[in-house]
Amino acid sequence: MIELADRFGRVATDLRVSLTDRCNLRCTYCMPEEGLAWLPREEQLTDDELGRLIRIGVSILGITEVRFTGGEPLLRRGLIGIIQASAALSPRPRLMLTTNGIGLERMAAPLREAGLDRINVSLDTLDPERFQALTRRDRHADVLRGLAAAAEAGLTPVKINTVLMRGINDDEAPELLRFALAHGYQLRFIEQMPLDAQHRWDRHTMVTGEEILAALAPFDLQPDSVSRGTAPAETWLVPGHVDAAGEPARVGVIASVTRPFCGDCDRTRLTADGQIRNCLFATEESDLRKLLRTGATDDEIAAGWQIAMRGKRAGHGIDDPSFLQPARPMSAIGG
Ligand code: SAM
């Protein structure tokens with residue numbers, strides 16, 4: 001086994017795979033209302049190409065965890081087969097998926113049967129009208145049903161990802177936590193990052209992790225003694241509550257901007273068109289699709305992937321005056 005190591009001693013073992021750049025929502029902080037061109041079909045990896053890269057990642061390069069994302073991964077036609085093939089790999093990687101929850105009501109049980117271990121569902125508000133304003137679609141009820149179906153199917157602990165935006169939903173932190181606690185879901189707040197297609201992100205109006213914790217003061221959160229390891233979320237225990245498995249209830253904050261965790265990053269990213277990104281904020285990519293389509297061997301592809309990761313920078317550099325937002329928006333990178 002060879003490793004995906006970089007010059008700073010970090011080793012990537014967590015692969016984020018974007019299955020498509022398409023989405024059935026248009027969250028204001030992620031995508032424009034219209035006008036974002038999709039990747040041409042011929043540029044996207046086929047299911048077989050994707051399966052081959054995941055196999056190379058797992059069996060040659062030491063990937064132990066694969067998270068499927070997008071765009072909206074539930075829109076990928078071959079999703080179940082891709083998960084089945086990944087679950088059949090040896091050593092078997094842990095398999096997760098991040099979704100907006102639309103269609104999950106129907107898909108949760110088949111995903112579990114195919115071998116998916118866990119799921120994250122994005123939900124920014126409990127108010128259907130706000131949901132429509134935020135996502136530009138009237139699908140709030142679908143997401144709630146999707147969450148329930150995921151728990152029922154055993155994709156647990158079901159985690160909820162929430163992005164708070166000032167003046168839009170930043171008054172909802174306590175209510176969202178009460179909702180998560182009541183259903184046994186684990187809530188994680190994510191600081192808004194400069195990855196929107198419209199380039200409207202503004203550090204000065206962003207809701208910070210510190211503000212989120214202040215809003216949760218009534219819950220008397222306690223430090224979590226379980227080590228965070230390479231996980232992006234810092235977690236706190238919520239006294240008096242347990243999760244669906246009877247474990248102490250937790251809430252997480254992913255403060256990517258104000259408390260970056262780049263020094264512990266163990267992620268490598270594959271886009272739907274076969275590009276390796278060594279960082280969410282990378283401005284350069286490495287083309288594995290070209291290697292795949294010009295007859296490269298598994299070892300040659302693995303070597304190309306290793307080179308891509310060796311160039312990973314020490315940090316995302318959002319605070320550097322020279323910071324450049326990546327050309328691809330979050331929906332085309334895979335969050
Ligand atoms: N469509 C799926 C979903 O909604 O979860 C997967 C892709 S989406 C890009 C993954 C996560 O990224 C979601 O939780 C979303 O809220 C988050 N996200 C998108 N744009 C973001 C931004 N600019 N800053 C922080 N999180 C963002």
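As the structure lists them, so they are numbered: ligands from 1, and atoms in each ligand from 1.
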Requested in this report: Report the member of K159, M206, M330 with the shortest heavy-atom distance to atom 17 (C) of ligand 1.
Outcome: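 Nearest heavy atom to atom 17 (C) of ligand 1 lies in M330.
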Requested in this report: Could you check which of C27, S122, S18, S331 puts a non-hydrogen atom nearest to atom 11 (C) of ligand 1?
Outcome: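 Considering heavy atoms of C27, S122, S18, S331, the nearest to atom 11 (C) of ligand 1 sits in S122.
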To the nearest 0.1 Å, how far is [atom] from its closest protein heavy atom, and which atom is that?
atom	result
atom 16 (O) of ligand 1	Y29 OH, 2.9 Å
atom 24 (N) of ligand 1	M193 N, 2.8 Å
atom 6 (C) of ligand 1	G71 O, 3.3 Å
atom 8 (S) of ligand 1	G70 O, 4.4 Å

Query raised in the report: Taking only heavy atoms of T99, which atoms of ligand 1 are found under 4.0 Å from at least one of them?
Result: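 Listed by number with element: 2 (C), 3 (C), 4 (O), 5 (O).
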Query raised in the report: Side chain, backbone, both or neither: which part of V163 has a heavy atom under 4.0 Å from ligand 1?
Result: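 The answer is the side chain of V163.
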Query - Part of T98 with heavy atoms under 4.0 Å of ligand 1, whether side chain, backbone, both or neither - result: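 Both backbone and side chain.
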Query raised in the report: Honestly curious: do L288 and L39 fall in one hydrophobic cluster under the side-chain, below-4.5 Å linking rule?
Result: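 The answer is no; the residues belong to distinct hydrophobic clusters.
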Query raised in the report: Would you call M193 and F281 a side-chain contact if the rule is heavy atoms closer than 4.5 Å?
Result: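 M193 vs F281: side chains touch.
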Requested in this report: Would you indicate whether the side-chain heavy atoms of I56 and R52 approach each other to under 4.5 Å?
Outcome: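 Yes, their side chains come closer than 4.5 Å.
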Tell me whether [X] is salt-bridged to [Y], with the criterion being a basic N under 4.0 Å from an acidic carboxylate O.
X	Y	answer
D264	R10	no
D224	R250	yes
E210	R259	no

Requested in this report: Applying side chain to side chain contact (heavy atoms under 4.5 Å, CB included) between L19 and each of L75, L74, L50, T69, report the one that passes.
Outcome: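 With L19 as partner, L75, L74, L50, T69 yield a single side chain to side chain contact (heavy atoms under 4.5 Å, CB included), made by L50.
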Query raised in the report: Is T69 close to ligand 1, meaning an N/O of one under 3.5 Å from an N/O of the other?
Result: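 Such a contact does not occur with ligand 1.
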Query raised in the report: Do any N/O atoms on Q192 end up under 3.5 angstrom from N/O atoms on ligand 1?
Result: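 Among all N and O atoms of Q192, none is under 3.5 Å from an N or O of ligand 1.
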Requested in this report: Inspect the surroundings of CZ in R106 and state if more than 12 heavy atoms from other residues, nucleotides or ligands are less than 6.0 Å away.
Outcome: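 Atom CZ in R106 is not crowded, with 12 or fewer foreign heavy atoms closer than 6.0 Å.
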